[in-house]
Amino acid sequence: MKGGKGKASTKKETPEALKPADDKVGKRKAAVKADKTSKSKGKKDTKAKKDPNKPKRPPSAFFVFLEEFREIYKREHPNVKAVSVVGKAGGEKWKSLTRAEKAPYEAKAAKRKNEYEKLISAYNKKQESNVDDGDEESDRSKSEVNDEDEEESGEDEDDEDDNEDED
């Protein structure tokens, strides 16, 4: 007969005998959980912010269809305000369409995708050139940049300084 650790041997032990070991494991688990939460907070900080100038992805054929379907559905059902109802009706209609009926929407989606690819390639080229330009600008110190800003606003700040001297 085998001795040692096994599922059967742990069941025979009383809960009191296991309690000290469980407490240690529980403390370790709590410490590990605390570490995981602190790591997840760090990941949120490192997440890159979205660029508002980046072109939006093109809609799929279904969403191209849905744009037209919404207008038709709203004309036929003016009292329906719920977006979910319109979406469900559009989904059912899309499923019932044949391939031939879907073809014009797929063609429009393909056209929009081509336009998007052109825009995104131009955007990426612009980003690369901005990165190169950004290196040159980063050589200038912040004080030089601030000095230029102060020169542009010039007289306003001088007037404020004069007023402070009089007080």
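These values consider heavy atoms only, across backbone and side chains, with no hydrogens, waters or symmetry-generated copies. Numbers here simply count residues along the sequence, with the first being 1.
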Decide side-chain contact (heavy atoms from CB on, under 4.5 Å) for Gln127 and Asp51; before the verdict, give the C-alpha distance in whole Å, the side-chain angles of both, and the deciding distance to 0.1 Å. CA-CA 11 Å; Gln127 289 298 104; Asp51 185 2; 4.0 Å; yes

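- Cluster annotation: Leu97 is connected to Val86 through the hydrophobic network of ILVMFWY side chains, with a link wherever side-chain heavy atoms come within less than 4.5 Å.
- Cluster membership for Leu119 and Tyr123, using ILVMFWY side-chain heavy atoms within less than 4.5 angstrom, is not shared.
- For the pair Glu101 (side chain) and Thr98 (backbone), a donor-acceptor distance under 3.5 Å is present.
- With rounding to the nearest 0.5 Å, the separation of NZ in Lys81 from CG in Asn79 is 7.5 Å.
- Summarising the geometry, atom CZ belonging to Phe65 is positioned 10.5 Å from atom CZ belonging to Arg70; distances are rounded to the nearest 0.5 Å.
- For the atom pair NZ (Lys95) and CZ (Phe62), the distance works out to 9.0 Å, reported to the nearest 0.5 Å.
- Ring geometry for Trp94 against Tyr105 counts as perpendicular: the plane angle is over 60°, on a 0 to 90° scale with 30° as the lower cut.
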Could you go step by step and tell me if Val80 and Lys74 meet the side-chain contact (heavy atoms from CB on, under 4.5 Å) rule? CA-CA 7 Å; Val80 176; Lys74 286 183 180 179; over 6 Å; no

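- For Lys113, the NZ atom sits in a loose shell: 12 or fewer heavy atoms of surrounding residues, nucleotides or ligands are nearer than 6.0 Å.
- Ion pairing between Lys108 and Glu67 fails under the 4.0 Å rule for side-chain N and carboxylate O.
- Glu106 and Ala61 get closest at one heavy-atom pair: CG-CB, 3.6 Å.
- Taking the six-membered ring where the residue is Trp, Tyr73 and His77 present parallel rings, their angle staying beneath 30° rather than reaching 60°.
- Salt-bridge annotation for Glu76 and Lys93: absent, with no side-chain N of the basic residue lying under 4.0 Å from a carboxylate O of the acidic one.
- Taking 4.5 Å as the limit, some side-chain heavy atom of Arg112 sits within range of a side-chain heavy atom of Pro59.
- Linking Ile, Leu, Val, Met, Phe, Trp and Tyr whenever their side-chain heavy atoms come within less than 4.5 Å leaves Ile72 and Val85 in two separate clusters.
- Across all non-hydrogen atoms, the minimal contact from Pro55 to Tyr116 is O-CE1, 3.7 Å.
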